[in-house]
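Below is one structure, written out as structure tokens; comments come after it.
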Amino acid sequence: MELSQRLRKYLIMGSQNCERDPADILKEAIEGGITAFQFREKGPGSLQGEEKLALGKRLRELCRTHDVLFIVNDDSVLVDPLEADGIHVGQDDVDVQELRSLFPKKIIGLSISNEEELKGSAVDVVDYLGAGPMFATSTKVDAKEPVGVEWIKRVKFLYPGIPLVGIGGITVGNAREVMEVGADGVSAITAITAAKDVVRAVKLL
Ligand code: TZP
Ligand code: MG
């Protein structure tokens, strides 16, 4: 399957986003039909060191068993131990060219929030882009201003060949808008992790 299709329903999550066992949430999200998962153990309340690795291994195994893409957020040290399919970074993280030389064959994803970031990024070495925040979000402490779905159109126009997912404030209610302007997928944290019925939320997405 093409990467653009595998990124269609993309859950991002760490234990700090969960009020119950992250593995249970991931299992339900897989049952609901996510196609990709990003292990983003980051920010206030997140696990570190051995505990982070141990949780990553549990979640990795679930993804392997169900053939869901497993991407690790911004932690190149975990890519090999977790046998991740790839790594996702933001603008303030490791440079993507450096990442590409470290991981010639892994999937590399990069977040881009505006034209300046896009122009300053080595888009040619990455496999997909994450554009956002689409809408207001309180999940990421240092999230930038919402850019809206226009940003999806703009990135698709400039880089029609690269798989693109929307991120930030995406819900069951607005995911359609993001897809309709040309995104290949939607990624979400809260819309899935905080859903009363995770299976149903993923299906509705
Ligand atoms: N990057 C930009 S916004 C965001 C990240 C990781 C948080 C998205 O979380 P939510 O709960 O889906 O708005
Ligand atoms: Mg960052």
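Counting starts at 1 for both ligands and their atoms, following the listed order.
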Which option wins on minimum heavy-atom distance to [atom]: [options]?
atom                    : options                        : value
atom 1 (N) of ligand 1  : Lys140, Gln38, His88           : Lys140
atom 12 (O) of ligand 1 : Ile189, Asn17, Asp74           : Ile189
atom 9 (O) of ligand 1  : Thr193, Thr139, Thr171, Val186 : Thr139

Practice item. Please identify which atoms of ligand 1 are closer than 4.0 Å to at least one heavy atom of Gly168. Key: 3 (S), 8 (C), 13 (O)
Point to revise | Interfacing atoms of ligand 1 (cut-off 4.0 Å, heavy-atom, Ala188) | key: 12 (O)
Practice item. Quick one: do Glu115 and Lys119 satisfy salt bridge (charged side-chain N to carboxylate O under 4.0 Å, His left out)? Show the steps, please. Key: CA-CA 6 Å; Glu115 199 96 18; Lys119 296 219 165 98; 3.5 Å; yes
Revision key, fill the gap. To the nearest 0.5 Å, atom CG of Leu164 lies from atom OG of Ser4 at 10.5 Å
**Study point:** Spacing of Glu28 atom CD and Leu11 atom CG [to the nearest 0.5 Å]
**Key:** 11.0 Å
Check your understanding: So does Asp127 pair up with Arg6, basic N to acidic O under 4.0 Å?
Key -> no
Practice item. Run the salt-bridge test on Asp85 and Lys106 with the 4.0 Å N-O cut-off and return the result as yes or no. Key: no
Check your understanding: Which residue owns the protein heavy atom closest to atom 6 (C) of ligand 1, what's the atom, and how far is it?
Key -> Arg40 NE, 3.5 Å
Check your understanding: Looking only at distance, does Gly169 have an N or O less than 3.5 Å from an N or O of ligand 1?
Key -> yes
Review point. If you measure only the distance, is there a donor-acceptor pair under 3.5 Å linking the side chains of Glu41 and Ser15?
Key: yes
Review point. Under a 4.0 Å heavy-atom limit, does Lys144 contact ligand 1 with its side chain, its backbone, both, or neither?
Key: neither
Practice item. Could you state whether Ile167 and Ile112 fall into the same hydrophobic cluster, counting links through intermediate Ile, Leu, Val, Met, Phe, Trp or Tyr residues with side-chain heavy atoms under 4.5 angstrom apart? Key: no
Review point. Hey, is Ile12 one of the residues with a heavy atom under 4.0 angstrom from ligand 1?
Key: no
